[in-house]
There are 2 protein chains.
Amino acid sequence: MTALPNRDRRAERREATRLEILDAAWQIARRDGLAAVTLREVGAIVGMRPPSLYSHFESKNAIYDGMFAQAWAGARVALSKVEPDPKQPRRSLLVGAETFFDFSVADVARYQLMSQAVLPNFEPSPEAYAESQGAYGRMVALMHQVGVRRSADLDLWTALIAGAISQQLANDFGGTRWRQQLPRLVDMFADAVGLPGPKLRRTR
Amino acid sequence: MTALPNRDRRAERREATRLEILDAAWQIARRDGLAAVTLREVGAIVGMRPPSLYSHFESKNAIYDGMFAQAWAGARVALSKVEPDPKQPRRSLLVGAETFFDFSVADVARYQLMSQAVLPNFEPSPEAYAESQGAYGRMVALMHQVGVRRSADLDLWTALIAGAISQQLANDFGGTRWRQQLPRLVDMFADAVGLPGPKLRRTR
DNA sequence: GTCTATATTCTGATAGAC
DNA sequence: GTCTATCAGAATATAGAC
C-alpha cells in the first residue's frame, strides 16, 4: 500500500505560475493602463513566449478575469478588517469609507477594472462576478451592524463613496482634496438616514 | 475694384468635413468604446482613405481632442439652459443635478472621455481643457446664484453628482436606480451647507 | 485634398514538434 | 508545459503622384 502525498506539488507550482502571470499583467496595467496589457509583454516579464501563456489562461480576457477576481477579493479582505462599533456608528462609517477609498485610489487601473467599463470586450465570468458580490456583501454587513438596512440608503452610501473616489482620481490625482471630505460626507449621510451620535465635524 | 466675398466657402466646407470626421468617431465610440476608434473605420464612414484624414487632423489624438472639446462644450450648453431661482435653491440644485446627470448617462463613451482617464496616451490640449473649465465655470456660477460659494462645498457637490452618475453607469445601466436618489442627494447637500427652503422629499 | 503605396510594428491566437 | 513557426489581420503614420 502506497500512501498518497498530502500535497500536490504540481498543482501548487501551477497555481504559482498563474499568480506570476497575473502579477505581470498588473505591473503593465499600473504603468500604462489596462488596455496596454499584451501577451507579448506579460510573457517577457514572466520569461515565457506569448503562446505559452495559453497553457495557463485560455485567452487574454481570462487574464483580465483573473485580475477582476483578485481586485474584488482584495477589496473584500480590506473591508473585512473594518470592525464596526454599533455604539459609534459615525466613526465606524468613516473607517469603512476611508478603507475603501484608500484601497481604490491606491491603484487606478484596479479601480477602473473593478468599477468602470473601460474594457469594451471584457465581461467578468460568474465566478469573478461572485467575488465582487462577496465584497459588496461585506459592505452591506458592515452597514447593517451600524443600523443602515434600507436598500435605498445603501445605494445612497455607495454613491457618496464612488463620487469621492471618482473626483479624487479625475481632478486631484495623488492629493487629498476629496479624501478629506469623507467626514463631512459621513455626517451628511448619517443625518439623512437618521443615525445617532455626535457629528464628526462641526457644522460649517 | 473687386469686392471680397463676405463668406469663405472654402473654410466653411473644411469645417464641415472636420465635423463629419468627429461625428464618425463618435458613432464608433458609442458603439464599441472609445479605444475602438480607428482611422480605418472613421475613413470608411466619411468616405475617405485613412491617410486623407491627416489633411484635417494631425493625429488620431487630435481627433480625441476635438471630441473632448465638443463633449465639454455640450455640457456647458446644457448647463447654460438651467435658470436658477434664488428663491427656490433646492429646486434649482435639483434641476442642475438632473441636467448634468442626464447629459452624462446619455453617452457613456462621452462621459468617459470627459471625466475618466480611459485613454492612457491622451491628454487634452490647452484649448480643449479650456472648454472643460468653461463648463465648470457655468456650474460654479449656478451654485453662486443659489448661495453656495465655498470651494469645499462645491467639491462636495461635484462628488455627489459624480457618484450618482458613476453608480448608475456601473450598476444599473439604462435604469433609474440612482437617478431617483437625486432629490435626496440635493436635500442632504442643502442641509449640510445650510441652504434654506422646504425639503424636496419627506424625511424617510 | 485625396489618392496609392508602403513602412513598421504590433495584435491575439493556433498547429504541431519536443 | 514550453517552444518555434506562422496566421491573418490591424494599427498609425509618411512619401509622393495627381
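Chain letters run A, B, ... following the sequence lines, proteins first, then strands; residues in each count from 1. Note that this is a predicted model, so its numbers are computed, not measured.
- In this entry the distance linking CD of B:Glu58 with C1' of D:dA13 reads 12 Å, nearest Å.
- Across all strands shown, B:Ser55 has heavy atoms under 4.0 Å from base atoms, whether or not it also approaches the sugar-phosphate.
- Atom CG in A:Asp65 sits roughly 17 Å away from atom C1' in C:dG12 (whole-Å rounding).
- Taking atom CG of A:Leu39 as the reference point, atom C1' of C:dT11 lies 9 Å away to the nearest angstrom.
- In this structure, the CG atom of A:Asn61 is 7 Å from the P atom of C:dA13, given to the nearest Å.
- In this structure, A:Val42 reaches neither bases nor backbone, as no heavy-atom distance under 4.0 Å exists between it and the strands shown.
- With respect to B:Asp191 and B:Arg90, a salt bridge is recorded, a charged nitrogen being found less than 4.0 Å from a carboxylate O.
- The side chain of B:Arg40 places an N or O atom within less than 4.0 Å of a non-bridging phosphate oxygen (OP1 or OP2) of D:dA10.
- For C:dC3, one of the phosphate oxygens OP1 or OP2 lies less than 4.0 angstrom from a side-chain nitrogen or oxygen of B:Ser52.
- Heavy atoms of B:Ser59 sit under 4.0 angstrom from primed sugar atoms or phosphate atoms, though from no base atom.
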Could you give me the CA-CA distance, side-chain angles and deciding distance for A:Arg9 and A:Arg13, then say whether side-chain contact (heavy atoms from CB on, under 4.5 Å) is met?
CA-CA 6 Å; A:Arg9 302 184 72 89; A:Arg13 174 81 202 146; over 6 Å; no
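- In this structure, B:Val46 reaches neither bases nor backbone, as no heavy-atom distance under 4.0 Å exists between it and the strands shown.
- The interatomic distance linking A:His56 (NE2) with C:dA13 (P) rounds to 16 Å, in whole Å.
- A:Pro51 comes within contact range of at least one nucleobase, with a heavy-atom separation under 4.0 Å.
- Contact detail for B:Gln70 and B:Leu19: the closest heavy-atom pair is NE2-CD2, 3.6 Å.
- Between A:Tyr54 atom OH and C:dG16 atom P the separation is 17 Å, expressed in whole Å.
- Spacing between atom CE of A:Met48 and atom P of D:dC3 amounts to 7 Å, rounded to whole angstrom units.
- We find that CZ of B:Arg49 is positioned 5 Å from P of C:dT4, with the value rounded to whole Å.
- Remark: the A:Asp65 side chain and the A:Ser125 side chain contain an N/O donor-acceptor pair separated by less than 3.5 Å.
- Relative orientation of the B:Trp72 and B:Phe100 rings is parallel, given thresholds of 30° and 60° on the angle between their planes.
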